[in-house]
Amino acid sequence: MPVLKTSILLALRGYVLIEVRGEHLERLINRSTEKRLSIWDIRFRGDSHAELYITIKDFFRLRPLLKETGCRFHVLRRHGFPFVLDRLEKRKLFVAGMIGFVIGIYLLSSIVWQVNVEGNEHIDKNAILQAAKEEGVYKLQWKFRLKSASELSKSLQDKLPEAAWVGVELHGTHVTIKVVEAVIPDKPPLLNPRHLIASKSAMITSIFAEKGRPVAKPNMYVKKGDILISGILGEGAYQKSVVASGQVKGLVWYAPKIEVPLVQQYKVYTGDVRKRFYLVIGSRALQLTGYGNIPYQQFEAQSERKTLQWRDFVLPVGWLRERVMEVGVVEQPVDPQEAKARGLEQAKGEILAAAGKDAKVVSEKILHEKTENGKVYMEAHLEVEESIAQELPIMPAP
């Protein structure tokens, strides 16, 4: 087809492919050339049959020549913008829907749908969001009402003295507030005179006094609250109070009661899956498929969300796929010896976690043991060496 047929100007004006029949077909084409009609791509299908393209404007000028030569025509195809307008006019509801959809997408993309905060550890997130709201940054706010990113950054930094720097970024319909917190040096604790006392009743195993006067000795039994390292030095007129410091370790006795089931339950997937599909607009989801109650007694759901995005422009429209998987429970018997060992290890772990990082189990013994109602019941005796020093301020005499 010639370049004329594919030009943008020709598409705007419109053209048609017509079929012409008649005994004087050659005379018709000659007369069209004399009248300077825009026809092209003439294809003869026989002596009295041809197909050709012609512009809409010259199509109406062709009619007198058809009568003059006794030829007939039939329109095969229509091309160009005028015919598109004609079809759209016949589908007013469709056009209105398309226009409404475009307007809706534009309005949805002009609203802030999410405000995120990054980088805060000590500053409360709600305090940051409240400061942003005072500056006009909040969900469902029009984007054209927002200040520039630099203005928002400066305003938020003035409202958040705990922050060393605040940055604001706008990605599509999402606003991200990035915070760099100021490093505030820790204030040293006020060191008032004090004793170190026993936090638990124990048998002393080691004592080391950095400051103060040691009162307890190794292999001495102390009760909770007894002074281990005194913060008072000297006597009489030479007496003074210091900040006692040091390390004291002792043996502490525990008698945990342990209960371990002889049947272990495991979660397994049966392989039966139900799928659901949702249309997501903003923070709301409209279920499209997978209606009805879930027929499983136990189940887990896994979801995958997708959002429409073009480059850095994120639309608040997307979809959500959800897989609901049936879950079963399998019971497996546990050997009694294994159950006892597992229960004892769990009890030791809990005690050591509460005693501190330097604690260790020195000895262990099972005092009582019985099996009843599918469980093993035990009472154990544990000796744990741990730090037992605790601070006690020295109150000045009245």
Side-chain angles (χ1 to χ4, degrees), residues 1-111 142-144 172-173 277-282 286 288-289 306-319 321:
M1 183 178 292
V3 176
L4 178 63
K5 181 179 177 181
T6 57
S7 66
I8 297 177
L9 182 61
L10 184 59
L12 291 176
R13 291 179 177 178
Y15 59 95
V16 293
L17 173 64
I18 62 175
E19 178 187 48
V20 182
R21 294 178 180 271
E23 296 295 333
H24 304 287
L25 183 57
E26 293 184 1
R27 181 183 174 191
L28 172 65
I29 294 175
N30 293 333
R31 292 286 291 152
S32 300
T33 303
E34 293 175 1
K35 294 290 186 179
R36 304 182 66 84
L37 300 184
S38 297
I39 60 175
W40 69 93
D41 203 3
I42 303 172
R43 300 178 182 178
F44 288 93
R45 305 300 185 185
D47 294 337
S48 60
H49 178 200
E51 294 178 2
L52 57 89
Y53 286 92
I54 186 170
T55 62
I56 295 178
K57 177 182 177 182
D58 292 335
F59 172 77
F60 294 101
R61 295 173 58 197
L62 182 65
R63 288 178 177 270
L65 300 180
L66 291 169
K67 293 182 179 180
E68 179 182 328
T69 58
C71 295
R72 295 171 299 164
F73 75 95
H74 175 67
V75 178
L76 298 178
R77 287 196 296 272
R78 299 171 175 82
H79 302 274
F81 187 67
F83 299 106
V84 174
L85 289 180
D86 183 63
R87 286 194 294 268
L88 291 179
E89 186 177 359
K90 295 177 181 178
R91 300 180 180 180
K92 295 180 179 180
L93 291 178
F94 175 77
V95 175
M98 288 295 296
I99 295 174
F101 176 76
V102 173
I103 294 175
I105 292 295
Y106 174 76
L107 293 177
L108 290 174
S109 62
S110 301
I111 296 176
W142 293 103
K143 292 198 306 185
F144 63 81
T173 59
F277 188 80
Y278 299 84
L279 175 65
V280 180
I281 301 177
L286 174 64
L288 302 179
T289 63
K306 298 289 186 180
T307 304
L308 295 179
Q309 181 176 356
W310 184 74
R311 293 184 179 178
D312 293 334
F313 190 75
V314 181
L315 293 176
V317 180
W319 60 90
R321 291 188 178 92

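Residue indices begin at 1 and follow the sequence shown.
One N or O on the side chain of Arg61 and one on the backbone of Lys35 form a donor-acceptor pair closer than 3.5 Å.
Of all the heavy atoms in Leu17 and Leu52, the pair that sits closest is CD1-O, 3.4 Å. The two atoms that bring His49 and Leu25 nearest to each other are N-CD2, 3.6 Å, heavy atoms only. In terms of heavy-atom proximity, Gly22 sits nearest to Cys71 at CA-SG, 3.9 Å. Residues Gly318 and Leu279 approach most closely at O-CD1, 3.4 Å, considering heavy atoms. In plain terms, the two heavy atoms of Ser38 and Asp58 that are nearest each other are N-OD2, 2.7 Å.
Contact of the Ile18 side chain with the Ile54 side chain is registered, since non-hydrogen atoms from C-beta on lie closer than 4.5 Å. At least one side-chain heavy atom of Leu28 sits under 4.5 Å from a side-chain heavy atom of Leu62. Side-chain atoms of Trp142 and Ile111, non-hydrogen and from C-beta on, do get closer than 4.5 Å to each other. Residues His24 and Glu68 are not in side-chain contact: their nearest non-hydrogen atoms beyond the backbone lie 4.5 Å or more apart.
The only option from Arg77, Arg43, Arg45 that meets the salt bridge (charged side-chain N to carboxylate O under 4.0 Å, His left out) definition with Glu51 turns out to be Arg45.
By the 6.0 Å contact criterion, CD on Glu26 is open, its count of non-hydrogen atoms from other residues, nucleotides or ligands being 12 or less.
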Exercise for review: Test Ile29 against Phe44 for side-chain contact (heavy atoms from CB on, under 4.5 Å), laying out the working first.
Suggested key: CA-CA 11 Å; Ile29 294 175; Phe44 288 93; 3.4 Å; yes
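Note on residues 8-20: pairs passing salt bridge (charged side-chain N to carboxylate O under 4.0 Å, His left out), not counting sequence neighbours, are Glu19-Arg21.
Using bins of under 30°, 30° to 60° and over 60° for the plane-to-plane angle, the ring pair Tyr53/His79 lands in the tilted bin.
Atom CD1 of Ile281 and atom CH2 of Trp319 lie 13.0 Å apart (nearest 0.5 Å).
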